[in-house]
Every structure is written in structure tokens, then in C-alpha cells.
Amino acid sequence: MTDVFGTGALRSRVLRAWAESPARFREDANTEEDHALGGYRDRVVVELAQNAADAAARAGVPGRLRLSLDGGVLTAANTGAPLDAAGVEALSTLRASAKRDETAAVGRFGVGFAAVVAVSDTPSITSRTGGVEWSADRARAEAGALPSLAEELARRAGQVPLLRLPFPSSTPAEIPEGYTTVVRLPLRGPAAEASVRAQLEQAGVALMLALPALAEVEVSVGGAVRAVTADEVASWTTVEAHGTVPAELLAGPPRSGRGRSGRCGGRCRRTGCRGASRRSCTPRRRATSGSTCPPC
């Protein structure tokens with residue numbers, strides 16, 4: 001097994017940081033959980049499409065994306081620039097993006113890949129340049145070997161930040177002819193599969209309109225195949241407006257946060273505490289709301 005993307009060095013740095021500071025482990029776990037169960041929940045298909053569009057734009061080729069749901073596994077094959085070491089590091093940090101200097105990139109912050117954590121415990125990427133995978137079980141074993149994290153792991157019932165610990169791909173996926181990269185997501189169970197199926201049903205012309213770098217999106221669910229092409233988007237009429245947002249509209253807290261009681265939102269995965277809504281249950285609110293949730 002060749003570690004072409006240097007995942008061993010990435011894991012060593014992360015594990016060393018966790019061993020020296022359990023607070024860093026807590027921060028990484030909270031960040032991944034909030035992305036996966038908050039802002040990027042139910043967005044895995046959109047995020048995979050955005051990555052495909054960005055890969056096509058970087059390579060200067062028409063973007064083609066093939067999404068397939070079969071046997072409880074979602075695969076996404078795309079054309080464009082292959083995966084590289086900088087891309088693997090960006091996917092595994094949730095902080096920095098390998099696309100930060102590309103003005104045409106849709107995924108500007110490198111955190112959208114966290115959407116896969118909402119549906120899969122064993123995501124993997126195979127590209128013409130090599131493969132990388134993540135595993136909740138392997139990440140749990142690595143973190144469990146650190147005595148300083150025993151209390152944190154117990155409090156989190158063994159939940160770990162999956163994407164922070166990448167591994168070389170043990171079983172690279174087959175890349176279809178004409179494509180460059182395949183993302184493979186074995187889905188966690190019926191609920192995850194139902195969510196992905198619903199997202200695939202919604203993938204259509206609107207997705208192509210939002211991602212002009214894509215020339216074709218093919219969707220296959222249980223063998224039933226349909227395709228959406230850029231030609232269908234050409235029949236749409238779009239209107240754009242540009243200007244400056246008045247400063248007064250940006251003053252104060254976000255509109256979505258106004259009027260909240262401060263209760264812990266949703267059900268805390270570790271204590272069962274239930275509040276107003278899952279989307280409002282951020283680490284800061286869980287830690288300061290005065291609810292029964294322990295500080296995160």
C-alpha cells in the first residue's frame with residue numbers, strides 16, 4: 001500500500017496535537033459534527049457536484065459527473081483535475097482549502113466534504129493519482145490509544161472526528177472510462193440511503209444552472225438512469241443584480257438567531273437533551289445555555 005498523499009504524516013501531526021491538548025480534539029470533533037449535522041446536512045449530493053465543477057474548472061475541461069446509488073453505496077465519478085496531496089490535506093482539516101486562491105471555485109472554504117460524514121462512516125476517494133480513505137473505526141482506535149483522550153472519548157460515546165485521520169486507500173474503487181476521480185460512500189443505513197435518494201431525485205437543471213462548469217450530470221438510482229445536460233440550461237433566462245449590501249443590514253446578530261430563547265437546540269448526541277431545533281445546537285450554545293448538556 002503506497003501512501004502517495006502523505007496521509008501518515010498528516011495523522012501523526014493530528015494525533016500529536018490531540019495528545020498534547022484534549023481541547024484540540026474537542027474542537028476538531030465539534031467542528032466536524034457541526035458541519036455534518038448543521039450547515040452541510042442533507043447536502044452531500046450538492047457538495048459532490050461542487051467538487052466536480054471545481055475539478056473541471058481547474059483542468060479547463062467540460063465537467064461531467066456520474067452519481068450512482070446502488071446496493072447502499074453512493075458513488076460520484078467526475079472529470080477534471082485529479083486529487084493531489086494539497087487536496088487531501090484540505091479535505092482532512094476542515095479549516096483551509098486547496099481552492100482558496102481559485103476565484104472561479106465554488107467550494108471556497110474546503111469544508112463542504114464534511115457533508116459525507118452525515119451519511120457514511122467509511123468514505124473514500126480514488127483518483128488517477130492514487131487513493132485515500134477514512135474510517136470511523138480506525139479513527140476511534142487511533143484516538144483510543146491516547147490516554148489523554150480517555151475522558152473525552154467516554155463523554156462522546158466513542159464519537160471521533162472522522163475526517164481528521166486519512167489513510168491510504170486499501171481497496172481503490174474502479175474509475176469508469178473517461179472519468180478522473182471516484183468518491184465512494186458506503187451509506188450508514190436506511191435513513192442515510194433515504195436522504196441520499198431524495199437528494200438525487202432533486203438533482204436537475206437547477207443544479208446545472210448553479211454550476212456552469214458542469215456540462216452533464218448523470219444520475220443512476222437502482223439501475224434507472226437519467227441525464228441532465230447544459231443544453232437544458234440554455235433554455236433558461238436568468239437575471240442578475242449587482243450592488244453593495246448596506247452596512248445596516250449586516251449589523252447585529254444573524255436574522256436566524258434573533259429571538260431565540262438560548263435553549264440547547266435539538267437532541268444532544270451525548271446526553272439526549274432536546275431543545276428548540278437541531279440546527280441551533282452549536283457547541284457554544286450547548287456549553288453556555290444552562291441546559292443539562294456538558295461543555296463541549
Side-chain angles (χ1 to χ4, degrees), residues 1-7 10 40 43-70 73-94 96-100 102 104-117 119-120 122-135 162-163 166-187 196 199-200 203 207-208 210-220 225 227-228 230:
M1 184 186 311
T2 304
D3 189 6
V4 296
F5 297 128
T7 61
L10 292 176
Y40 290 91
R43 282 182 55 88
V44 64
V45 168
V46 171
E47 294 302 328
L48 292 173
Q50 287 183 351
N51 285 339
D54 291 336
R58 288 199 299 275
V61 300
R64 293 169 52 232
L65 172 65
R66 177 188 293 178
L67 296 162
S68 176
L69 176 60
D70 188 47
V73 177
L74 173 65
T75 58
N78 65 266
T79 57
L83 187 65
D84 58 18
V88 171
E89 183 173 7
L91 294 173
S92 298
T93 58
L94 300 181
S97 172
K99 299 180 281 188
R100 59 185 177 271
E102 299 170 21
V106 179
R108 295 295 296 149
F109 302 105
V111 299
F113 192 67
V116 305
V117 179
V119 298
S120 179
T122 53
S124 65
I125 303 177
T126 303
S127 197
R128 299 292 180 187
T129 49
V132 63
E133 64 186 22
W134 294 264
S135 165
L162 164 67
L163 296 179
F167 296 86
S169 182
S170 56
T171 309
E174 181 179 352
I175 303 175
E177 184 69 27
Y179 292 84
T180 305
T181 301
V182 172
V183 179
R184 187 176 187 274
L185 305 177
L187 301 178
V196 168
Q199 293 176 58
L200 291 174
L207 183 64
M208 303 287 290
L211 302 171
L214 292 180
E216 178 185 75
V217 175
E218 180 183 294
V219 179
S220 174
V225 182
V228 184

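For the single chain, residues carry numbers from 1 onward in sequence order. Everything numeric in this text was worked out from a predicted model, so none of it was measured.
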**With T126 via side chain to side chain donor-acceptor pair (under 3.5 Å) - residues at least two apart** = none
**Asked** Can V132 and T7 be said to form a side chain to side chain contact (heavy atoms under 4.5 Å, CB included), step by step?
**Response** CA-CA 8 Å; V132 63; T7 61; 3.9 Å; yes
**Item:** T79 side chain near P62 side chain, heavy-atom distance below 4.5 Å
**Value:** no
**Prompt:** Going by heavy atoms in the side chains, are V182 and E174 under 4.5 Å from each other?
**Reply:** no
**Message:** Could you work out, with side chain to side chain donor-acceptor pair (under 3.5 Å) as the rule, every residue matching E133, not counting sequence neighbours?
**Reply:** R138, S170
**Message:** Please enumerate all residues that pass side-chain contact (heavy atoms from CB on, under 4.5 Å) together with A81, with sequence neighbours excluded.
**Reply:** R58, A59
**Message:** List the residues meeting side chain to side chain donor-acceptor pair (under 3.5 Å) with E218, not counting sequence neighbours, and say none if there are none.
**Reply:** R66
**Request:** Output the distance between atom CG (L200) and atom CG (L74), rounded to the nearest 0.5 Å.
**Result:** 6.0 Å
**By side chain to side chain donor-acceptor pair (under 3.5 Å) - contacts of T75 (at least two apart)** = none
**Request:** Mind checking the CZ-OG spacing from F167 to S92? Nearest 0.5 Å is all I need.
**Result:** 10.0 Å
**Asked** Who pairs with T129 by side-chain contact (heavy atoms from CB on, under 4.5 Å), at least two apart in sequence or on another chain?
**Response** F5, P82, L83, S127
**Item:** Residues which pass side-chain contact (heavy atoms from CB on, under 4.5 Å) with A115, listed by chain and number, not counting sequence neighbours
**Value:** Y40, V44, E47
**Message:** Using 0.5 Å steps for rounding, measure from the CG atom of L67 to the CG atom of L207.
**Reply:** 8.5 Å
**Request:** Please round to the nearest 0.5 Å and tell me the distance separating atom CZ of R64 and atom CG of N78.
**Result:** 10.5 Å
**Request:** Please identify each residue that fulfils side-chain contact (heavy atoms from CB on, under 4.5 Å) with V228, with sequence neighbours left out.
**Result:** V205, M208, R226, E232
**Item:** V45 side chain reached by V219 side chain, heavy atoms, under 4.5 Å
**Value:** no
